[in-house]
Amino acid sequence: MNADTLIYGGPILNPTLGGLEPIEALLVQGGKITAAGKLSDVENLTTPSTRRMHLEGRTLLPGFNDAHVHVWKVGQLRTTLLDLRGAKSLAEVYARVEERAKTLKPGEWLWGRGWNEALLAEKAMPAKAALDQVSPRNPVLLTRTCAHIHAVNSQAMQLSGITPQTHVPGGEIDYEQGILYETAYGLVFRAMGEPTQAQYELWVKAGCEYLRSLGITSATDPAVDPPLYAAYRALDERGELPIRVNLLYIRRPDGGTETFPLPEKHVSNRLRCDSVKFFADGGLSGATAAISQPYKTLKPQSYGILRFEEEELFALALEAHRAGFRIGTHAIGDRALDQVLNIYERLYQQAPGPRHRIEHFGLAGPKHLKKARDLGIIAVPQPVFLSELRANYERYVPDDWFCRCFNLRTMFEAGLTVAFSSDGPVVRQVDPLTGLRAALKEPLCAGNEVSLEQALWAYTMGGAIAQGDQENRGSLQPGQWADLVTLEGDLAEIESLSVHRATVGGESLW
């Protein structure tokens with residue numbers, strides 16, 4: 001679509017929090033929207049060489065923006081990683097591991113992801129002894145769907161230097177069972193050896209291409225270390241990024257006390273890095289998010305894991321804040337939300353700065369919602385969790401907090417800026433249409449639904465605001481990139497919708 005193109009012939013809708021603004025036609029020039037409005041008015045701006053694109057009744061929207069998706073990990077599962085999602089029993093998990101082990105040379109790492117004990121028949125995690133049996137020649141790392149808990153075999157522990165006495169700040173180790181929690185994962189990841197830049201590039205491109213097939217034209221990759229950043233920069237310099245990507249640069253990697261220096265800022269048409277990432281706690285679906293009352297069903301009682309002491313996290317955040325970096329902090333449990341909101345408040349008391357984010361915002365109560373609104377904090381929740389992880393929340397979340405768990409409606413009612421996302425591959429379904437259906441029709445408690453207008457806005461402009469790109473994407477206003485998605489089906493029948501095509505900057509993908 002490098003030539004001027006007139007788009008018309010179907011519902012063209014610009015999501016706002018007040019409704020879906022109808023537009024009869026768009027004119028695209030040089031990869032951007034140059035006019036939007038009545039067909040007769042926009043036609044007056046065309047020339048004899050302008051191409052015409054009839055939508056044939058399809059719905060056109062701004063391209064979806066997934067504000068929190070691990071792009072390279074999505075690509076890794078579609079290329080080289082053993083996919084354990086959908087496994088219904090430990091026997092099935094072990095069978096998949098055994099089959100993969102037969103394809104590896106002795107000593108090669110067997111890496112898989114996606115098991116979820118709440119969905120396994122045994123309601124139990126993989127066991128070290130069983131993994132030793134099915135993979136006697138290869139070290140094994142099996143990451144839980146949430147990426148906060150990991151199962152390993154004996155060889156993996158030996159290579160990682162893990163003993164019954166090993167302790168790691170911000171993490172826990174169940175040596176007998178072979179289960180690693182939170183930052184303990186870093187011990188194994190380092191032992192595996194850093195992937196090559198070529199591997200990272202392969203995974204990033206595969207992830208981006210898949211996301212684009214789902215109608216996603218922009219995404220935020222929310223935990224990028226220096227080698228991954230280098231791969232993104234190389235792809236950007238070669239013009240090989242299929243979609244636009246915003247990066248949250250990780251300051252403290254798992255498994256150590258080292259802190260990465262602030263990254264070099266980078267902003268191009270396809271790649272942005274001027275944000276940093278922290279983890280304040282664990283995951284709710286695996287009962288490691290930091291909460292103030294005990295999880296259900298766990299013996300001994302557990303209150304989750306806080307990864308940082310407040311003063312240490314404040315010092316790291318203040319350095320980034322003063323340097324003008326946006327901050328995205330993973331915080332789900334109420335204790336983590338208390339800590340992070342207190343830190344953000346102190347940052348703004350020290351110096352003005354950009355709007356910061358809270359990733360997930362899972363167990364926000366009234367005081368968290370009010371404080372976040374007062375501070376201008378952006379909430380980045382995942383609607384698809386409501387459908388895919390419901391069994392986990394029913395299993396672990398205290399009963400009196402269940403209805404406030406990922407309550408999207410209260411976020412909008414509190415006046416927050418909300419950016420929707422998937423957190424793939426924590427979940428199997430990363431497509432925005434599944435997230436839309438969950439937000440509209442699958443709240444954990446009746447009455448917590450959001451409107452179609454709110455959900456579409458959060459999947460378009462919400463993500464643009466969260467990354468600082470609201471001036472160039474997220475709507476169908478003139479001056480915005482022509483990042484567009486067309487849908488088959490009627491928006492009033494959300495279950496019937498499917499993605500027809502996505503275009504980034506008006507590229508000829510139709």
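Under a 3.5 Å cut-off, the side chain of Thr183 and the backbone N or O of Pro169 do form a donor-acceptor pair. A distance-only check finds a donor-acceptor pair linking the side chain of Lys277 to the backbone of Pro222 [under 3.5 Å]. At distances below 3.5 Å, not a single donor-acceptor pair connects side-chain atoms of Ser135 with backbone N or O atoms of Leu131. Judged by distance alone, the side chain of Gln429 and the main-chain N or O of Thr434 form no donor-acceptor pair under 3.5 Å. The main-chain N or O of Phe308 is never found under 3.5 Å from a side-chain atom of Glu312 such that the two would form a donor-acceptor pair. Arg251 places a side-chain N or O within donor-acceptor distance of the main-chain N or O of Phe260, the cut-off being under 3.5 Å. Judged by distance alone, with hydrogens and angles left aside, the side-chain atoms of Ser422 form a donor-acceptor pair with the main-chain N or O of Gly424 at under 3.5 Å. Between the side chain of Asp66 and the backbone N or O of Ala219, no donor-acceptor pair lies under 3.5 Å. For the pair Trp115 (side chain) and Leu142 (backbone), a donor-acceptor distance under 3.5 Å is present. Using modelled atom types, one side-chain atom of Arg335 and one backbone atom of Tyr303 make a donor-acceptor pair closer than 3.5 Å.
Checked options His321, His356, His368; the residue passing with Tyr344 is His356 (criterion: ring pair (Phe, Tyr, Trp, His ring centres under 6.0 Å)).
How far OH of Tyr249 is from CZ of Phe325: 9.0 Å, rounded to the nearest 0.5 Å. Leu456 contributes atom CG, which lies 9.5 Å from atom CZ of Phe420 (distance to the nearest 0.5 angstrom). Rounding to the nearest 0.5 Å places CD1 of Ile332 at 9.0 Å from SG of Cys405. For the atom pair OH of Tyr94 and CD of Glu98, the computed distance is 12.0 Å after rounding to the nearest 0.5 Å.
The minimum heavy-atom distance linking Val93 with Ala87 is given by the pair CG2-CB, 3.8 Å. What you find for Leu248 and Ser275 is that their closest heavy atoms are CD2-CB, 3.3 Å. Closest of all the heavy-atom pairs between Gly283 and Tyr295 is O-OH, 4.4 Å. Summarising the geometry of Pro139 relative to Gly107, their closest heavy-atom pair is CD-O, 3.6 Å, with the distance given to 0.1 Å. Residues Asn138 and Leu104 come closest through the heavy atom pair ND2-CB, 3.7 Å. Of all the heavy atoms in Leu440 and Ala455, the pair that sits closest is CD1-CB, 3.6 Å.
Side chain to side chain, Asp469 and Gln467 meet the donor-acceptor criterion of an N or O pair below 3.5 Å. Thr145 and Asn116 share no donor-acceptor pair across their side chains, judged by distance under 3.5 Å alone. No donor-acceptor contact under 3.5 angstrom links the side chains of His68 and Ser421, judged on distance only. With 3.5 Å as the limit, one finds no donor-acceptor pair spanning the side chains of Arg473 and Thr217.
Under the 6.0 Å distance and 45° angle rule, Lys128 counts as a cation-pi partner of Tyr175.
Asn65 is not listed as a side-chain neighbour of Asp483, based on a closest heavy-atom distance of 4.5 Å or more. Within the 4.5 Å cutoff, the side chain of Arg78 has no heavy atoms near those of the Asp83 side chain. Leu110 places none of its side-chain heavy atoms less than 4.5 Å from the side chain of Glu108. Counting heavy atoms from C-beta outward, Leu77 and Trp203 have side chains that stay 4.5 Å or more apart. A 4.5 Å side-chain heavy-atom check between Leu241 and Tyr232 finds at least one atom pair inside the cut-off. Side-chain contact between Glu201 and Arg238: present, with at least one pair of heavy atoms (C-beta onward) separated by less than 4.5 Å. With a 4.5 Å cut-off on side-chain heavy atoms, Phe402 and Glu394 count as touching. With a 4.5 Å cut-off on side-chain heavy atoms, Phe385 and Leu284 do not count as touching.
Ionic pairing of Glu442 and Arg390 is not present here: no N-O contact between side-chain nitrogen and carboxylate oxygen is shorter than 4.0 angstrom. Lys205 and Glu240 are joined by a salt bridge, as a carboxylate oxygen and a charged side-chain nitrogen come within less than 4.0 angstrom of each other. For Glu258 and Arg190, the salt-bridge test fails: no basic side-chain N is under 4.0 Å from an acidic carboxylate O. With respect to the salt-bridge test (charged N to carboxylate O, under 4.0 angstrom), the residues Arg96 and Glu92 qualify.
The aromatic ring centres of His150 and His148 sit 6.0 Å or more apart.
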Trace of the salt bridge (charged side-chain N to carboxylate O under 4.0 Å, His left out) decision for Arg428 with Glu388: CA-CA 8 Å; Arg428 194 170 190 177; Glu388 282 209 27; over 6 Å; no
Assess whether side-chain contact (heavy atoms from CB on, under 4.5 Å) is satisfied between Leu187 and Leu180, documenting all intermediate values. CA-CA 9 Å; Leu187 301 175; Leu180 312 179; 6.0 Å; no
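Between Tyr185 and Phe189, the ring planes are tilted. Angles from 30° to 60° get that label.
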